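One structure below.
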There are 2 protein chains.
Amino acid sequence: MYSKDLIKGTLQPIIIQLLHEKERMYGYEITREVKQRTAGKLEITEGALYPALHKLEADGILKTEKELHGNRIRKYYSFTSSGEKQGQTLLIEFRDFLDSMRLILNSKSNLV
Amino acid sequence: MYSKDLIKGTLQPIIIQLLHEKERMYGYEITREVKQRTAGKLEITEGALYPALHKLEADGILKTEKELHGNRIRKYYSFTSSGEKQGQTLLIEFRDFLDSMRLILNSKSNLV
DNA sequence: GAATATACATAAGTATCTTAGGTATAACGA
DNA sequence: TCGTTATACCTAAGATACTTATGTATATTC
């Protein structure tokens, strides 16, 4: 697991990214998918995820529908029609931000 | 400028990276360098930078020496001998973290 | 039948940031 | 010469995204 502070601010774009790929997902599924993609290096804690999902719903970006699987409830999240566009914008910004980080780490500048 | 929340957690590794390249820098110089490297997309606020530098010093990773330039004081930061190693470790972790972000954004997973 | 996995949730505390303010010198343009 | 911008440091209040801990409940596995 990475140091806790690195992760701040990345959770929302991660959620948005996954939902852009899969249309609808439930919370626990998101934690599993992230863990799998990063070979266990990044584990989203539920104490962070659920409040984040609730906020995205409260902001009108995601909507939910509950479904019974076996005897357990799953709460599926998907984009609202307006949220779709907002999510795309946020993802573009996030990718651009990561590019900037790479620039900082790699630029052979006039330093030294 | 990027959304505020994206930036959280990245300031410390940025400082460490720059000091690995240049040996010693002062606060204001760091803000200029970051702005230049990112074409103005990332501007470190002084309210964030100075407390971060103070913390790195308090943690024994950086040390300082004040210098008079013209009539203005510059406070130069550089690694302590033990801080050098810690900084390297932190940078490796940060790069790895960015790689994980890329994995999440790019993996053609079994989703959909 | 105990431990682990699945699946949701909240709440207190921590840490990093933003925003806003403060001090002071240097340089530049109107 | 006077106001603005740049340089250069600093702190404090408030916002907020996280961690850690806890709770509830069902399903599966050993």
Side-chain angles (χ1 to χ4, degrees), chain A residues 1-16 18 24-36 40 42-59 61-77 90 94 97 100-101, chain B residues 1-16 18 24-36 40 42-59 61-62 64-77 90 94 97 101:
Chain A
M1 271 290 276
Y2 296 115
S3 124
K4 316 304 177 186
D5 295 328
L6 286 182
I7 295 165
K8 293 194 177 183
T10 59
L11 178 52
Q12 196 172 314
I14 288 173
I15 295 170
I16 301 288
L18 295 185
R24 65 187 220 125
M25 294 180 84
Y26 58 98
Y28 189 75
E29 187 185 13
I30 292 175
T31 68
R32 295 305 95 189
E33 180 65 24
V34 169
K35 188 178 181 183
Q36 198 204 313
L42 210 166
E43 284 190 66
I44 295 177
T45 59
E46 295 181 312
L49 178 65
Y50 290 117
L53 287 171
H54 298 162
K55 187 176 185 303
L56 285 167
E57 187 182 10
D59 291 348
I61 294 174
L62 300 181
K63 59 179 163 56
T64 60
E65 36 191 352
K66 287 181 182 167
E67 237 173 63
L68 212 57
H69 261 252
N71 228 334
R72 275 194 292 242
I73 288 178
R74 287 180 185 170
K75 198 167 163 187
Y76 279 94
Y77 288 85
L90 195 147
F94 185 56
F97 174 71
S100 284
M101 286 302 121
Chain B
M1 271 291 275
Y2 296 114
S3 126
K4 315 305 177 186
D5 295 326
L6 285 182
I7 295 164
K8 291 196 178 183
T10 60
L11 179 51
Q12 197 172 313
I14 287 173
I15 294 169
I16 302 287
L18 295 185
R24 64 188 219 124
M25 294 179 83
Y26 57 98
Y28 190 75
E29 188 184 11
I30 292 175
T31 68
R32 295 305 94 188
E33 181 64 24
V34 169
K35 188 179 179 183
Q36 198 205 312
L42 210 166
E43 283 191 66
I44 294 176
T45 60
E46 296 182 313
L49 178 66
Y50 289 116
L53 286 171
H54 299 162
K55 187 175 185 304
L56 284 167
E57 188 182 8
D59 290 347
I61 295 175
L62 300 181
T64 61
E65 35 190 352
K66 286 180 184 169
E67 238 173 63
L68 212 56
H69 261 251
N71 228 334
R72 276 193 290 240
I73 288 177
R74 286 179 186 172
K75 197 168 165 189
Y76 280 94
Y77 288 84
L90 195 148
F94 185 56
F97 174 71
M101 286 301 120

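Bear in mind the structure is a predicted one, so any value in this text is a computation, not a measurement. A note on names: the letters A, B, ... follow the listed sequences, proteins ahead of strands, and every chain is numbered from 1.
When the P atom of dA8(D) is taken as reference, atom CG of Leu53(B) falls 15 Å away, rounded to whole Å. Glu43(B) has its CD atom 12 Å from the P atom of dT19(C), to the nearest Å. Met25(A) has its CE atom 11 Å from the P atom of dC8(C), to the nearest Å. With rounding to whole Å, Tyr2(B) atom OH is found 20 Å from dT16(C) atom C1'. For the pair Leu49(B) CG and dA15(C) P, the computed distance is 20 Å after rounding to whole Å. Protein atom CZ of Arg74(A) is 9 Å distant from nucleotide atom C1' of dA7(C), rounded to whole Å. Distance NZ (Lys66(B)) to C1' (dT7(D)): 17 Å, rounded to an integer number of Å. Between the P atom of dT19(C) and the CD1 atom of Ile44(B) lies a distance of 15 Å, rounded to the nearest Å.
Inter-residue side-chain proximity for Ile61(B) and Leu90(B) is flagged as unmet; no heavy-atom pair is nearer than 4.5 Å. The shortest distance between side-chain heavy atoms of Pro13(A) and Phe97(A) does not fall below 4.5 Å. Using a 4.5 Å heavy-atom cutoff, the side chains of Leu42(A) and Met101(B) are in contact.
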Determine, step by step, whether Glu65(B) and Tyr26(B) satisfy the side-chain contact (heavy atoms from CB on, under 4.5 Å) criterion, reporting the C-alpha distance in whole Å, the side-chain angles of both residues, the deciding distance to 0.1 Å, and the verdict. CA-CA 9 Å; Glu65(B) 35 190 352; Tyr26(B) 57 98; over 6 Å; no
One pair to check against side-chain contact (heavy atoms from CB on, under 4.5 Å): Thr64(B) and Leu53(B). What are the steps and the verdict? CA-CA 10 Å; Thr64(B) 61; Leu53(B) 286 171; over 6 Å; no
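Proximity of Tyr50(A) to the phosphate of dC8(C): a side-chain N or O atom is located under 4.0 Å from OP1 or OP2. Considering only side-chain N and O atoms, Lys75(A) lies under 4.0 angstrom from the phosphate OP1 or OP2 of dA9(C). Of the side-chain N and O atoms in Tyr26(A), one or more sit less than 4.0 angstrom from OP1 or OP2 of dA7(C). The side chain of His54(B) contributes no N or O atom lying less than 4.0 Å from OP1 or OP2 of dC9(D).
When all heavy atoms of Leu11(B) and Ala52(B) are compared, the pair lying nearest together is CD2-CB, 3.8 Å. Residues Leu49(A) and Gly27(A) share a closest heavy-atom pair of CD2-O, 3.2 Å. Ile44(B) and Thr31(B) get closest at one heavy-atom pair: O-CG2, 3.9 Å.
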With sugar-phosphate taken as primed atoms, P, OP1 and OP2 and all else as base, the protein-contact string of nucleotides 23-30 of chain D at under 4.0 Å (heavy atoms; B, S, -) is ---BS---
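Between Tyr76(B) atom OH and Leu62(B) atom CG the span is 15.0 Å, to the nearest 0.5 Å. Atom CE in Met25(B) sits 5.0 Å away from atom CG in Leu18(B) (nearest 0.5 Å). Distance check: His54(B) NE2 to Glu57(B) CD gives 7.0 Å after rounding to the nearest 0.5 Å.
Side chain of Pro51(A), nearest nucleotide from dC10(D), dC9(D), dT10(C): dT10(C). Between dA9(C), dT20(D), dC8(C), one nucleotide has an atom nearer to the side chain of Thr45(A) than all others, and that is dT20(D).
With respect to the salt-bridge test (charged N to carboxylate O, under 4.0 angstrom), the residues Glu29(A) and Arg74(A) do not qualify.
Nucleotides of DNA chain D nearest to Arg32(B) and Ala48(B) differ in position, and the one nearer the 5' end is that of Arg32(B).
Overall, the helix from dG1(C)-dC30(D) to dA30(C)-dT1(D) carries an axis bend of 30° between its ends, with five pairs at each end and the value rounded to 10°.
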Taking only N/O atoms, report every protein-nucleotides 15-17 of chain D pair under 3.5 Å with atom names and distance.
from    : atom 1 : to      : atom 2 : distance (Å)
dA17(D) : OP1    : Asp5(B) : OD2    : 3.1

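Residue Gly27(A) is in sugar-phosphate contact alone, with no base atom involved, counting any heavy-atom pair closer than 4.0 Å across all strands shown.
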